[in-house]
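Residue numbers begin at 1 in each chain, while the letters A, B, ... track the order of the sequences.
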Amino acid sequence: MSGGSRTMTLLPGRLSAFLRRDFREALTYKFSFVSSFVGILLSSATFYFVAKLVPPGTPSLEPFGGDYFSFAVVGVAFSSLLGMFQEGLSAVVRSAQVSGTLEALLVTPASIPTVLFGSSLYSLILQVFRTVLHLGVALAFFGMTLGRVNVPGVLSIGVLTVLCFLGVGILSASFILVYKTGNPFGWILGTVSGLLGGVVFPVALLPPWIRWVSSLLPVTYALDGMRKSLLASAGLAEVLPDIAALAVFNIILLPASLLAFRLAVRKAKKDGTLSHF
Amino acid sequence: MNPTPAILAENLVKRYPVFRGFRDLVRRPFEKRTTTALDGLDLRVEPGRVFCLLGPNGAGKTTLIKILATLVLPDGGRASVAGHDVERHPGPVKNAVGFAINDERSFYWRLTGRQNLEFFGALYGLRGPAREHRIDEVLRLTRLGAAADLRFNSYSTGMRQMLAFARALLADASILLVDEPTRSLDPQAADRIGSFLRGELVEGRGKTVFWATHDLAEAAEFAHEIAVIGRGRIRLQGTVASLTGEGRTSLRQVYEKAVGDPPVSR
């Protein structure tokens, strides 16, 4: 069996080993799931009451179904998910550097991308579960209303968005491998996206002189397309501009991030700082 | 002489960049400053023996081990393990080498010893009953069977070191790299580890143990062959008997002379 096909054969077993490891560790922290659930309840309740300040029929909310609570829940739930994809990979690199496990992982025959993705897999799956739970809590307890859900739109935007943010995540992990802290990708995209990406208020409310910055952020298209598909009964044609924009981000980000990662690993090995923190 | 040495290094060079402050970076932005860890190191280790690499702190022992484990890339020369070049073919090197990392932080403290081995076993490509069988075997070999299902955070320092050996042996690699494994162990525990490495692994199973240490006594007791590294080069290499003139001089005198002297050919 060639090296490449053997690696692919072993990949599911290796990824499931990472999942099992993290699940076993999570079981030893008994209250983390409870606190996470309480956090979702409190966040939903906060936006439920804030939404009472926003009258139905507010023009800037019309393209998204008109209800501010539903608008905010989709924004917060999905931006948390995207934040995890954006920050998850760099967080596991940093955590393994600090905890001291990185060298032990890297001397095994598992490839560095396998180690990186495997280490963050549990957190990513958990965050998907939290996002679904967040929407479920909002639907079951706070009267969130969905439109006629455009399933192909949700899936297309979901997949493109996840890939795009994985690209940002790989860029962040590359930076952390070399420079250890101060990841600018996470900071810039996280902070700026929160303000200008339409997470808790529509981008249309921003002054025109800064609105152009929103058009440079993938989160803007991700949330716009997701809200229209979930809340406003928009068809595939109506979210096509969002899909196209996300595709362009992917074409740029994915190859760039993979190249950056390869260069980062080489530099860290050259400098002898792979496991430094 | 075996045609394929367990470890071969030829004119190996490694320089690390020197940390520079902001002021220095602004004043001389294009200047590169390095410190030399390995300075044209040559070394040949035959298979099936305990090979001790002796040297003072900062001599280059850990750098050499990390190059052999593919964690650090050399700047010049070449190194190979079991005939595989560490820079061009890191995959086969990783399959041939078990690196017993002596940092206890390299384990998952809230998992048991067995759970740690199950995880690392999967990364080494072991699956199903074969993995369980292998884990039982390395636990038996390292005499950790009774403690296998205890959490790692309840292990003593000696048990943690033995679990590091168990992990490094999971893939049944032919070469074991160990970096100061007896550091912070009491004399009895250190002696048990020396006997384990030579008796169980080398004489019992035919493995090669490449052992970095600065403890002359344990090198004299357990090594088939030693090399002394100083300022990034091998200063001398041979059996303890040959280096000490069959006991006419002490290993300490040989060591101190070697570390202060220019390289001596084998």
Side-chain angles (χ1 to χ4, degrees), chain A residues 1-4 6-30 32 95-112 114-115 118-119 122 177-178 180 263 265-277, chain B residues 14-17 19 34-35 37 62-63 65-75 86-87 89-101 103-112 115-116 118-128 131 151 153 164 167-168 170-171 173 177 179:
Chain A
M1 191 184 287
S2 72
R6 180 172 157 76
T7 301
M8 289 313 291
T9 309
L10 294 172
L11 188 61
R14 284 175 174 154
L15 293 181
S16 70
F18 278 104
L19 277 179
R20 202 163 42 246
R21 176 201 70 182
D22 290 337
F23 181 66
R24 281 169 164 170
E25 280 207 312
L27 283 180
T28 70
Y29 296 100
K30 293 184 174 52
S32 64
S95 166
Q97 283 171 336
V98 173
S99 69
T101 54
L102 190 59
E103 279 193 348
L105 295 171
L106 296 181
V107 296
T108 69
S111 68
I112 294 180
T114 301
V115 168
S119 298
Y122 179 80
L177 266 180
V178 176
K180 315 305 172 193
L263 294 174
V265 169
R266 183 162 180 84
K267 177 163 175 56
K269 282 190 171 186
K270 269 284 179 198
D271 292 350
T273 61
L274 203 52
S275 61
H276 288 191
F277 60 92
Chain B
K14 183 64 211 172
R15 298 187 190 91
Y16 292 118
F19 176 78
T34 59
T35 179
T62 299
T63 292
I65 280 197
K66 287 194 173 182
I67 287 175
L68 299 175
T70 76
L71 289 170
V72 169
L73 289 172
D75 293 313
V86 294
E87 194 168 2
H89 305 293
V93 170
K94 287 178 177 185
N95 285 318
V97 158
F99 182 14
I101 296 172
D103 185 350
E104 59 189 21
R105 297 183 315 125
S106 66
F107 284 98
Y108 299 96
W109 284 47
R110 297 177 77 87
L111 302 185
T112 66
Q115 287 170 341
N116 269 287
E118 282 172 1
F119 170 66
F120 284 104
L123 298 193
Y124 279 107
L126 298 170
R127 289 189 290 186
R131 183 174 67 200
R151 275 193 187 179
N153 59 15
R167 177 173 61 186
L170 276 172
L177 305 176
D179 190 5

Original post:
To the nearest 0.5 Å, how far apart are CG in Leu105(A) and OG in Ser106(B)?
Top reply: 9.0 Å
Original post:
When heavy-atom pairs shorter than 4.5 Å are enumerated against chain B, which of Gly13(A), Ala17(A), Ser99(A) gives the highest number?
Top reply: Ser99(A)
Original post:
Between CD of Glu25(A) and CH2 of Trp109(B), what distance do you get to the nearest 0.5 Å?
Top reply: 12.5 Å
Subject >> Heavy-atom side-chain contact between Tyr16(B) and Thr273(A) under 4.5 Å >> reply: no
Original post:
Would a 4.5 Å heavy-atom cut-off, applied to side chains only, mark Arg21(A) and Tyr108(B) as touching?
Top reply: yes
Subject >> Taking every non-hydrogen atom, the tightest pair across Asn95(B) and Pro109(A) >> reply: OD1-CG, 3.2 Å
Subject >> Leading residue by heavy atom contact count with chain A [cutoff under 4.5 Å; candidates Glu104(B), Glu118(B), Arg110(B)] >> reply: Arg110(B)
**OP:** Could you give me the CA-CA distance, side-chain angles and deciding distance for Leu106(A) and Leu71(B), then say whether side-chain contact (heavy atoms from CB on, under 4.5 Å) is met?
**Re:** CA-CA 7 Å; Leu106(A) 296 181; Leu71(B) 289 170; 3.8 Å; yes
Original post:
Step by step, would you call Arg151(B) with Thr28(A) a side-chain contact (heavy atoms from CB on, under 4.5 Å)?
Top reply: CA-CA 11 Å; Arg151(B) 275 193 187 179; Thr28(A) 70; 3.3 Å; yes
Original post:
Would a 4.5 Å heavy-atom cut-off, applied to side chains only, mark Lys270(A) and Val72(B) as touching?
Top reply: no
Original post:
Can a salt bridge be assigned to the pair Arg105(B) and Glu103(A) using a cut-off of 4.0 Å between side-chain N and carboxylate O?
Top reply: no
Original post:
Contact part of Pro74(B) toward chain A, heavy-atom cut-off under 4.5 Å: side chain, backbone, both or neither?
Top reply: backbone
Original post:
Do Phe107(B) and Thr101(A) come within less than 4.5 Å of each other through their side chains, counting heavy atoms only?
Top reply: no
Subject >> Sequence-distant partners of Lys269(A), salt bridge (charged side-chain N to carboxylate O under 4.0 Å, His left out), two or more places apart >> reply: none
**OP:** Report yes if some heavy atom in the side chain of Lys94(B) is under 4.5 Å from a heavy atom in the side chain of Thr108(A); otherwise report no.
**Re:** no
Original post:
Considering only heavy atoms from C-beta outward, does the side chain of Val107(A) approach that of Thr70(B) to under 4.5 Å?
Top reply: no
Original post:
Sequence neighbours excluded, which residues qualify as salt bridge (charged side-chain N to carboxylate O under 4.0 Å, His left out) partners of Asp271(A)?
Top reply: Lys267(A)
